[in-house]
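Residue indices begin at 1 and follow the sequence shown.
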Amino acid sequence: LQLVESGGGLVQPGGSLRLSCTASESLDYYSIGWFRQAPGKEREGISCISGTGGFINYADSVKGRFTISKDSATSTMYLQMNSLKADDTAVYYCAASPPWRQRCERDDYDYWGQGTQVTVSS
């Protein structure tokens with residue numbers, strides 16, 4: 001499985017961005033998620049959809065502002081980011097794992113995109 005991301009960039013505080021991640025095969029049989037890593041910090045899970053049951057979770061830091069979604073027809077996952085803050089500045093990664101893995105934790109994910117930079121600054 002290969003994952004290719006797009007959509008990062010520079011945005012002002014309060015603005016919006018949508019990240020895309022296109023897979024080389026169907027994502028219907030994987031757990032999928034978005035992670036981010038800020039300079040000097042660990043990579044953290046911010047939103048995931050479990051492959052079994054389709055449960056969606058969000059980190060508290062993004063709840064109510066970010067939305068994860070998936071388009072099965074195009075094997076693409078998205079992360080819609082609204083009301084962006086300076087603290088959201090990071091490299092964002094999409095990832096996938098076997099469907100029985102339910103946690104949104106870095107160690108549970110096997111397949112990773114290349115990462116895309118998101119910078120929130122005025």
Side-chain angles (χ1 to χ4, degrees):
L1 177 67
Q2 295 183 334
L3 303 171
V4 179
E5 303 174 22
S6 61
L10 173 65
V11 63
Q12 292 186 340
S16 298
L17 277 177
R18 188 176 78 159
L19 305 182
S20 301
C21 175
T22 300
S24 60
E25 59 185 79
S26 174
L27 292 172
D28 288 349
Y29 307 109
Y30 292 90
S31 292
I32 60 174
W34 288 94
F35 295 72
R36 69 185 180 187
Q37 188 165 16
K41 294 188 177 181
E42 296 289 321
R43 191 173 302 184
E44 62 170 341
I46 54 175
S47 184
C48 295
I49 303 176
S50 65
T52 304
F55 299 108
I56 298 176
N57 59 42
Y58 293 95
D60 288 344
S61 58
V62 305
K63 202 170 292 184
R65 300 187 299 123
F66 290 11
T67 303
I68 189 173
S69 62
K70 180 181 70 172
D71 183 339
S72 294
T74 60
S75 300
T76 302
M77 68 172 89
Y78 299 97
L79 184 69
Q80 177 66 44
M81 305 185 293
N82 298 328
S83 303
L84 283 160
K85 308 173 183 179
D87 286 348
D88 295 319
T89 296
V91 178
Y92 284 69
Y93 298 89
C94 60
S97 74
W100 54 85
R101 293 184 183 161
Q102 302 286 309
R103 301 188 312 166
C104 197
E105 300 286 341
R106 175 183 183 174
D107 290 346
D108 281 7
Y109 278 75
D110 299 326
Y111 306 99
W112 293 87
Q114 80 280 9
T116 185
Q117 177 71 46
V118 172
T119 302
V120 184
S121 175
S122 56

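Checked against side-chain contact (heavy atoms from CB on, under 4.5 Å), Thr52 has the following partners two or more places apart in sequence or in another chain: Pro99, Gln102. Under the side chain to side chain donor-acceptor pair (under 3.5 Å) criterion, Asp60 pairs with Lys63, not counting sequence neighbours. Contacts of Ser83 classified as side-chain contact (heavy atoms from CB on, under 4.5 Å), with partners at least two apart in sequence or in another chain: Arg65. For Arg106, the side chain to side chain donor-acceptor pair (under 3.5 Å) criterion is met by no residue, not counting sequence neighbours. The side-chain contact (heavy atoms from CB on, under 4.5 Å) check on Ser121 picks up Leu10, Thr119, with sequence neighbours excluded. Residues passing the side-chain contact (heavy atoms from CB on, under 4.5 Å) test with Thr22 are Thr76, sequence neighbours excluded. Arg101 pairs by the salt bridge (charged side-chain N to carboxylate O under 4.0 Å, His left out) definition with Asp110, not counting sequence neighbours.
Sequence neighbours left out, the pairs with a member in residues 42-58 that pass salt bridge (Lys or Arg N to Asp or Glu O under 4.0 Å) are Arg36-Glu44. Here salt bridge (Lys or Arg N to Asp or Glu O under 4.0 Å) pairs that include residues 73-83, with residues two or more places apart or in two chains, number zero. Listed by first and then second residue, the salt bridge (Lys or Arg N to Asp or Glu O under 4.0 Å) pairs involving residues 7-25 amount to none (not counting sequence neighbours). Among residue pairs with one or both ends in residues 72-84, none qualify as salt bridge (Lys or Arg N to Asp or Glu O under 4.0 Å); sequence neighbours excluded.
Counting side-chain heavy-atom gaps under 4.5 Å among Ile, Leu, Val, Met, Phe, Trp and Tyr, the cluster of Phe66 also holds Leu1, Leu3, Val11, Leu17, Leu19, Leu27, Tyr30, Ile32, Trp34, Ile46, Ile49, Ile56, Tyr58, Val62, Ile68, Met77, Leu79, Met81, Leu84, Tyr92, Tyr111, Val118, Val120.
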